[in-house]
Peer 1: 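Let me give you the structure first, and then I'll get to my questions.
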Number of protein chains: 2
Amino acid sequence: MRMTEQRRAIRSAFKGAGRPLSPTEVLDLAGEEVPQLNLTTVYRNLKGMVEREELVQVPVPGQAVRYELAGLDHHHHFLCEGCDRVFDVPGCPGSIQRLTPVGFETTAHEVTLVGRCRVCA
Amino acid sequence: MRMTEQRRAIRSAFKGAGRPLSPTEVLDLAGEEVPQLNLTTVYRNLKGMVEREELVQVPVPGQAVRYELAGLDHHHHFLCEGCDRVFDVPGCPGSIQRLTPVGFETTAHEVTLVGRCRVCA
DNA sequence: TTAATTGCAAATGGTTTGCATTGTT
DNA sequence: AACAATGCAAACCATTTGCAATTAA
């Protein structure tokens, strides 16, 4: 794993954003530092960073997958219908597991709030 | 809005399944009744049924959208990692709105449990 | 009869892959 | 030099659309 300019730019896009990013958002943000950045390269780097556990995927209902830095505390997400950006939401409504139907086994849960962010509200 | 054989079959696929269905699942299920059923027709009918509010979309994180009969009580969903089927989960952990960050407005929420269904567990 | 519905093929949008080229070490 | 990373074009997959043929009312 070599350290290239584009990889550096992709990393710092996540550091700077502080919220989950879509591949296109990564291209736009990192592309300011490295204008020749290619979308294919973004996809390949995101994939590699997930395999190396630097990033995790953030599946968003009805939307393209986002990515965020790995190792954050358990939290959930907010999808803004105005700007399509995704934000982290600290905390978790406990008592989610107890919804599990009899005979089923729950290993994870996704909670996504949908609405308007501070800017769009 | 004319009543065709294929539309009838699509309707009854939902009645019979009792769980959210993907377009492909609809094709498979309704295709048993109407073998010449075409995937394009399924997509067009699903879209029409959503506009007419007979169905609602069920966005599943990281997966293709599912559809289910409209008008059900508020509930959530369970995604089985074994068979990729989606099931309804009655109930709702209250206290979800209180996760909303200051300045944000929450208008809806999605909760998806992920794990193994009764058959796959 | 005639307007809605269908089927097929082609277009689309997001993501992935093959392969030759470039860049780090 | 050796091999990982990149760029481009083509392949993919799910979904949508154009258009001519079919069918319910």
Side-chain angles (χ1 to χ4, degrees), chain A residues 1-14 20-68 79 81 83-86 112, chain B residues 1-14 20-68 77 79 83-86 112:
Chain A
M1 183 263 231
R2 288 169 184 167
M3 186 47 53
T4 64
E5 236 189 317
Q6 25 283 76
R7 185 181 307 253
R8 222 185 300 280
I10 291 173
R11 280 254 187 75
S12 80
F14 281 101
L21 299 176
S22 68
T24 305
E25 286 175 318
V26 172
L27 180 68
D28 292 343
L29 291 171
E32 288 172 20
E33 284 184 55
V34 184
Q36 77 284 11
L37 184 59
N38 183 291
L39 188 54
T40 303
T41 301
V42 171
Y43 275 107
R44 267 194 285 236
N45 274 281
L46 292 177
K47 192 178 173 193
M49 294 168 82
V50 169
E51 284 166 1
R52 243 172 288 119
E53 300 185 322
E54 295 173 43
L55 296 179
V56 295
Q57 287 189 291
V58 177
V60 181
Q63 295 249 331
V65 179
R66 311 294 158 83
Y67 296 82
E68 74 180 352
L79 169 64
E81 293 179 315
C83 58
D84 264 7
R85 290 183 297 175
V86 175
T112 308
Chain B
M1 183 262 228
R2 288 169 185 168
M3 186 47 52
T4 63
E5 235 190 317
Q6 26 281 75
R7 183 181 309 251
R8 221 186 300 281
I10 291 173
R11 279 255 187 74
S12 80
F14 280 101
L21 298 176
S22 68
T24 306
E25 286 175 319
V26 173
L27 180 68
D28 291 343
L29 290 172
E32 288 171 19
E33 283 184 55
V34 183
Q36 77 284 10
L37 183 59
N38 183 290
L39 187 54
T40 303
T41 301
V42 171
Y43 275 107
R44 266 194 284 236
N45 273 281
L46 292 177
K47 192 178 173 192
M49 294 167 83
V50 169
E51 283 165 2
R52 244 174 287 116
E53 300 185 323
E54 294 173 45
L55 296 180
V56 293
Q57 288 190 292
V58 177
V60 181
Q63 295 249 331
V65 179
R66 310 294 157 85
Y67 297 81
E68 73 180 353
H77 298 98
L79 168 64
C83 58
D84 265 6
R85 290 183 298 177
V86 175
T112 309

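Any value given below was found using the heavy atoms of this structure, including those in side chains, with hydrogens, waters and symmetry copies removed. In the text below, chain A, chain B and the rest are named by the order of the sequence lines, each starting its count at 1.
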Peer 1: So A:F14 and A:V26, do their side chains get closer than 4.5 Å, heavy atoms only?
Peer 2: yes

Peer 1: Might you confirm whether atom CD of B:Q36 has over 12 heavy atoms from other residues, nucleotides or ligands at distances under 6.0 Å?
Peer 2: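 For B:Q36, atom CD is crowded (more than 12 foreign heavy atoms under 6.0 Å).
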
Peer 1: Below 4.0 angstrom, which residues in residues 2-12 of chain A have at least one non-hydrogen atom near DNA chain D?
Peer 2: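 Only A:R2, A:T4, A:Q6, A:R7 qualify.
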
Peer 1: Please report the closest heavy-atom contact between B:A9 and B:V34, naming both atoms and the distance.
Peer 2: CB-CG2, 3.5 Å

Peer 1: Mind checking if B:T40 touches a base, just sugar-phosphate, or nothing, with heavy atoms under 4.0 Å?
Peer 2: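 The residue B:T40 makes base contact.
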
Peer 1: With sequence neighbours left out, write down each residue that passes side chain to side chain contact (heavy atoms under 4.5 Å, CB included) with B:T4, or none if nothing qualifies.
Peer 2: B:Q6, B:R7

Peer 1: Send over the distance from A:M1 CE to D:dT6 C1', rounded to a whole Å.
Peer 2: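 The answer, rounded to whole Å, is 16 Å.
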
Peer 1: Output all residues satisfying side chain to side chain contact (heavy atoms under 4.5 Å, CB included) with A:R2, sequence neighbours left out; order by chain, then residue number.
Peer 2: none

Peer 1: For A:L37 and D:dG7, what is the distance between atoms CG and P respectively, to the nearest whole Å?
Peer 2: 7 Å

Peer 1: Side-chain donor-acceptor pairs under 3.5 Å in residues 61-68 of chain A, sequence neighbours left out?
Peer 2:
{"from": "A:Q63", "atom 1": "OE1", "to": "A:R66", "atom 2": "NH2", "distance (Å)": "2.5"}
{"from": "A:R66", "atom 1": "NE", "to": "A:A64", "atom 2": "O", "distance (Å)": "3.2"}
{"from": "A:R66", "atom 1": "NH1", "to": "A:D84", "atom 2": "O", "distance (Å)": "3.1"}
{"from": "A:E68", "atom 1": "OE2", "to": "A:H75", "atom 2": "NE2", "distance (Å)": "2.9"}
{"from": "A:E68", "atom 1": "OE2", "to": "A:H77", "atom 2": "NE2", "distance (Å)": "3.3"}

Peer 1: What is the separation between atom CG on B:L39 and atom C1' on C:dC8, rounded to the nearest whole Å?
Peer 2: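 After rounding, the gap between these two atoms is 12 Å.
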
Peer 1: What is the distance from CD of A:Q36 to C1' of D:dC8, rounded to the nearest Å?
Peer 2: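 Going from A:Q36 (CD) to D:dC8 (C1'), I get 15 Å.
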
Peer 1: Could you give the CG-to-P distance, from B:N38 to D:dG18, as a whole number of Å?
Peer 2: 17 Å

Peer 1: Return the set of residues passing side chain to side chain contact (heavy atoms under 4.5 Å, CB included) with A:N38 (not counting sequence neighbours), or none when no residue passes.
Peer 2: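 So A:N38 forms a side chain to side chain contact (heavy atoms under 4.5 Å, CB included) with A:T40, A:T41.
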
Peer 1: State, yes or no, whether a side-chain contact exists between A:M49 and A:R11 at a heavy-atom distance under 4.5 Å.
Peer 2: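 The answer is yes; the side chains approach within 4.5 Å.
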
Peer 1: Listed in order of residue number, which residues of residues 44-66 of chain A have a non-hydrogen atom at under 4.0 Å from DNA chain C?
Peer 2: A:R44, A:K47, A:A64

